[in-house]
Amino acid sequence: MRWGVALNVRETITETLQKAEHADRGGIDQVWITDFPALRYAPTVAAAIAERTKSCRIGVGLVSPLLYSSTQIVQFMSTLADSYGERFDLLLGPGDKLALARVGISYSSKIMVEKTTSALMEIKQRISEAGHSCSVFLGAQGPVMIKAALKADGVLLNYSDLEMIEWALNQIKNEIPAGFQLGLFPPTYVGDCQDFLSNESISYSAAMVAIGLSRVVSNSFGFQNRLQTARGLMKEHGQMRMDVVNSLGSEFLQRFAFCGTSEQLHVYMKALEKMGFTSIVFGPPQGIRQHGVEILVNAKSIYYAD
Amino acid sequence: MSGSYEVSIGITTHMGVNATDWIAQNSDSLGAKSVWIGEDIALGQETFVLTAATLLQSKKTRVGTGIIPVTVHNISTLARVGVTLDEIGAGRFAFGFGIGGIQDLEKHGIHIKKPVSELRESVKILRRLWAGETVDSSSELFSLRGFGLGQSSPVNIPVFLGVRGPQMLKLVGTIADGVILSGPFDYLRNAIKMVDAAANQAGRNKDDIEKVVWVPTIPTFKGIQEKVARRVVALVIADTPDAVLDMLTVDRNKVNKIRETVAASSPKEGGKFVDDELLDVFSISGTKEHMVNRFEDIAGIGATEIVLGPPFSGDWREALIDIFAEVDSRRGGR
């Protein structure tokens, strides 16, 4: 199982580099450099990390093909590989609809999915033609994206809850090609989760995933009514606030993040391995926290010492 | 009479990693003031990664984009890139941008109705975003609604504009920290005067605006093939707007023939019509002594920085070392 951590959410470059070095030395397999709406442009941060680390793979993404042309995406992945070696992977996804609308990119969800899946094919082919061994992942949640991901080298599912993960896997059961990399990208907080709601870093991240849940998924799990109120509040504020989080409730929100102790993480990882997962990217806020990477390094060493 | 000037190196995204890495790694020891990176739209290395790599491999040299066409990037990306590269370079990054070369834009089907207004707005918006503002604004090129970078403190990134025409040069004098100029000597003299006049009119000190001159430098003393030089000059001529040619005394029939050939065929074919006179007008070529003489002439009309290359051909590494050494020796060594 490949362990990864998402960085470059709002940390400075110096902080990101320190965390990446720590992850690299501590045996974390991959650091993922998030992109828009994060402030810093991921491919350049990836270059800086490549200069300072030795063995970890470096993931760029989630990158939206709606914000960058396929040519630019192929160019930055190729330039990274040509300059720093074959250490890079790419995660594509439509991106945050609200954030993209703020910079003049506004499409229906259907068009966003279509554009992303068509870009996936072009980018994957062109990277391969350029002779690079970069894996292209698709970030997916709804059934259409999950199925489209089968054309990628792997998928990073935007789920946390084991029941929901199983539902997602059932969408592609018996269709997964050999060598396909099955991965998960849950908001993560490894530590004390007694009071989930008041821990804003994780409750806000979980709420963001819940609010953005695809219609098909929310219908399948009967979440529509609960999400309707929160979405209304979110639209009213234009950003995440505590009343949105409160309207969703602690128990519900915990289905949209991993929040638990190292021991609970151990159990969670065992369950994922049993389901066939080959990689996990611990999403924000874990990488943003001051000692978030250290906690993961320790958790990994204990996991494999077991 | 020459003024004081710095020497820099220009590279483009179309160059290979080995060449750009060598320049990045040697720019400090050569004594380059800057490395300027030109974006060939959709060709070669990705500009921003190349810029980051150049910053990461040098310690003292300023690294600037020279230029990025604002027409092919979302302005939010340019704003984010600016912040990131400024941080990676710890203040050594300069952001050079412009509308883009005529040939390049046409090839990609990009048509801008009001290029001067668009460039002015782009500069204003980027500076507001870097200052930490949340912006609502739209133009022919961009649309921002409640967008801000959310950085913890404002950043101040020097803005250089790569421009040619009179209105654009006025814009430089009004709002930019520097200009990246390209063209024959007579044009450069006029362009620098226009920038200075606009600066005076705007109540700015003309000396606060850096004048970077980047013309093809072709050191034929180190094995560069002259046909390469002629091909490059053909491309430069094809990309030179009428407003610039109007300031020159060159034979317009010859120029038009070259432009038509480049458009219909290739720079290589166009290069066959570049004679010695045009080669000398549109490039700095010859021995290192002659080239540095030309640098001094250009500095004499107000340029503050001269950019070497491309084309990088022949034994270009040795040529760069020799030219920097020649400049250095005339200053009595540094």
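Lettering follows sequence order; numbering is per chain, from 1. Please read all numbers here as calculations on a predicted model, not as lab measurements. For the numbers below, each heavy atom of this structure counts, side chains included, while hydrogens, waters and symmetry mates do not.
Here the OG-NE2 distance, from A:Ser69 to B:His73, works out to 8.5 Å after rounding to the nearest 0.5 Å. In this structure, CD1 in B:Ile88 is found 4.5 Å from CD1 in A:Ile13, a value given to the nearest 0.5 Å.
Using a 4.5 Å cut-off between heavy atoms, B:Val83 touches chain A through its side chain atoms alone. Heavy atoms of A:Leu17 lying under 4.5 Å from chain B are absent altogether. Contacts between A:Ala99 and chain B at a heavy-atom distance below 4.5 Å are absent for every atom of the residue. Residue contact with chain A, scored on non-hydrogen atoms closer than 4.5 Å, involves the backbone and the side chain of B:Val49 alike. When heavy atoms are compared at a cutoff of 4.5 Å, B:Leu85 approaches chain A solely by way of its side chain, counted from C-beta outward.
B:Ala42 and A:Thr71 make their closest contact through CB-CG2, 3.7 Å (heavy atoms, listed as atom of the first residue, atom of the second, distance).
Among residues at least two apart or in separate chains, ring-ring contact (aromatic ring centres under 6.0 Å, His included) pairs with a member in residues 39-65 of chain A are A:Tyr41-A:Tyr68, A:Tyr41-B:Phe48.
When the options A:Asp82, A:Thr79, A:Leu80 are evaluated for a side-chain contact (heavy atoms from CB on, under 4.5 Å) with B:Gln45, the one that passes is A:Thr79.
Checking B:Glu46 against A:Gln72 by side-chain atom types alone, a donor-acceptor pair falls below 3.5 Å.
You'll find the side chain of A:Thr12 reaches within 4.5 Å of the side chain of B:Glu87, heavy atoms only. Considering only heavy atoms from C-beta on, B:Thr51 stays 4.5 Å or farther from A:Thr44 through its side chain.
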- Evaluate the criterion side-chain contact (heavy atoms from CB on, under 4.5 Å) for residue pair A:Ser83 and B:Leu50; output intermediate values, then yes/no. CA-CA 9 Å; A:Ser83 302; B:Leu50 173 57; over 6 Å; no
- Message: Under the criterion side-chain contact (heavy atoms from CB on, under 4.5 Å), I'd like the reasoning laid out for A:Asp35 against B:Arg80: C-alpha separation, chi angles, the key distance, then a yes or no.
- Response: CA-CA 10 Å; A:Asp35 192 64; B:Arg80 293 169 53 236; 2.8 Å; yes
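Of the possible polar contacts, none joining the A:Glu51 side chain to the B:Leu56 backbone as a donor-acceptor pair under 3.5 Å is found.
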